[in-house]
> 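Input: one structure, supplied below.
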Amino acid sequence: MPSRSPFSRLLRRAFYAFVAAGLLGFVALGIISWDREQADERKNLSVLSGFLASATQAFFDDLGHGLDPLGQLLQQIDVVNHPEAARAALEKFQKRYPQVGAMAVIDTSGRMLINTALPPGAPLPDYRHTTDYMAPFQAALDDPGLYTIGRPEYGQVIGEWRFPFRYTMRDEQGQALFMIQAAIPLGTGMHFLRNLSLPPNSLVGILREDGFQQARWPVDSPDKVYGRPLNGPRAARPA
């Protein structure tokens with residue numbers, strides 16, 4: 001077999017070097033493109049996170065400030081002694097805030113006085129002997145803030161997962177008179193979550209300080225998502 005000339009060997013090496021350089025170039029371009037894509041996604045998620053925080057805060061604040069005049073009206077009606085007289089005002093408020101699934105009024109002992117999801121005269125659930133319910137209820141009653149937001153629970157009355165949005169009406173001395181509770185269904189109440197444009201295989205949600213998720217979208221199994229913290233065992237929840 002005739003030996004290759006030095007020029008032929010040089011040309012062959014140059015060809016291999018060109019192919020290798022081309023492959024490295026394609027790899028480098030792919031890495032750069034992937035890095036840019038990841039950076040863009042992180043930027044978009046950061047913007048999305050900021051929007052979600054603002055929208056959530058605006059939603060809660062609007063609802064909380066709306067409950068203040070409602071509480072004053074219910075006090076004038078004397079809702080503790082005449083709960084059915086407050087039904088029209090509660091239903092009117094609920095129509096104004098379609099994200100709310102039901103409105104309830106609870107006295108300071110934890111006794112439910114009225115719930116718009118039940119007709120007049122229907123038996124009302126009594127959670128006064130349920131520790132998992134009374135502990136957060138009492139904490140909300142003692143909280144000096146405008147409103148409190150409870151952990152997601154399965155609502156027996158409305159028949160779906162929801163979280164309680166609570167407002168405590170107080171007298172001039174700051175003593176609690178009664179509590180107004182708005183049930184926010186997790187399937188429909190947090191409407192702005194469902195309207196977000198998410199990257200493929202992504203989800204968005206609100207995480208509580210105790211590790212439980214306040215809301216999430218999309219969600220396939222509410223029991224698994226809302227019934228336990230993200231980094232712990234399944235937690236007991238009130239019915």
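What you see is a predicted model; the values in this text were computed from it and never measured.
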> Which heavy-atom pair separates G110 from Y133 by the least distance, and what is that distance?
O-CE2, 4.5 Å

> So, taking the atom named CZ in R166 and the one named OG1 in T148, what distance separates them when rounded to the nearest 0.5 Å?
6.0 Å

> Using modelled atom types only, decide if a donor and an acceptor are shared between the side chain of Q75 and the backbone of M169 within a distance under 3.5 Å.
no

> Taking the six-membered ring for Trp, are W161 and Y226 parallel (under 30°), tilted (30 to 60°) or perpendicular (over 60°)?
tilted

> Under 4.0 Å between a side-chain nitrogen and a carboxylate oxygen: does that hold for D126 and R111?
no

> Any donor-acceptor pair under 3.5 Å linking the side-chain atoms of T116 with those of E91?
no

> Measure the CD1-CG distance between I184 and L63 for me, rounded to the nearest 0.5 Å.
5.5 Å

> Working to the nearest 0.5 angstrom, can you tell me the gap between M112 CE and R128 CZ?
11.0 Å

> Heavy atoms, side chains only, cut-off 4.5 Å: are Y147 and L67 in contact?
no

> Got a second to check how far S54's OG is from F59's CZ, nearest 0.5 Å?
15.0 Å

> Between L118 and P125, is there a side-chain heavy-atom distance shorter than 4.5 Å?
yes

> Given 3.5 Å as the limit, does a donor-acceptor pair link the side chain of R208 with the main chain of I149, or not?
yes

> Looking at Y167 and A182, would you say the former's side chain and the latter's main chain have a donor-acceptor pair under 3.5 Å?
no

> Quick one: does H65's side chain have a donor or acceptor within less than 3.5 Å of a partner on D61's backbone?
yes

> Return the minimal non-hydrogen interatomic distance between Y154 and E160, and the atom names on each side.
CE1-CA, 3.6 Å

> Looking at CZ of R87 and CE of M103, how far apart are the two atoms once the value is rounded to the nearest 0.5 Å?
12.0 Å

> To the nearest 0.5 angstrom, please state how far the OG1 atom of T168 sits from the CE atom of M179.
3.5 Å

> Looking at every heavy atom in both G64 and L146, which two are closest together, and how far apart are they?
C-CD2, 4.0 Å

> For residues P152 and L186, determine if any side-chain heavy atom of one lies less than 4.5 Å from a side-chain heavy atom of the other.
yes

> Please report the closest heavy-atom contact between T108 and F178, naming both atoms and the distance.
CG2-N, 4.2 Å

> Go through the steps to decide whether D132 and T130 satisfy the test side-chain hydrogen bond (donor to acceptor under 3.5 Å, both in side chains), and finish with yes or no.
CA-CA 6 Å; D132 290 339; T130 307; over 6 Å; no

> Classify the ring geometry between F60 and F165 as parallel (under 30°), tilted (30 to 60°) or perpendicular (over 60°).
tilted

> For Q175 and D171, does a side-chain donor sit closer than 3.5 Å to a side-chain acceptor?
no

> Closest approach of R162 and A183, non-hydrogen atoms and distance?
CD-CB, 3.9 Å

> Does the side chain of P164 reach to within under 4.5 Å of the side chain of E153, using non-hydrogen atoms?
yes

> Heavy atoms only: give me the nearest L90-L74 pair and the separation to one decimal.
CD2-CD1, 4.0 Å

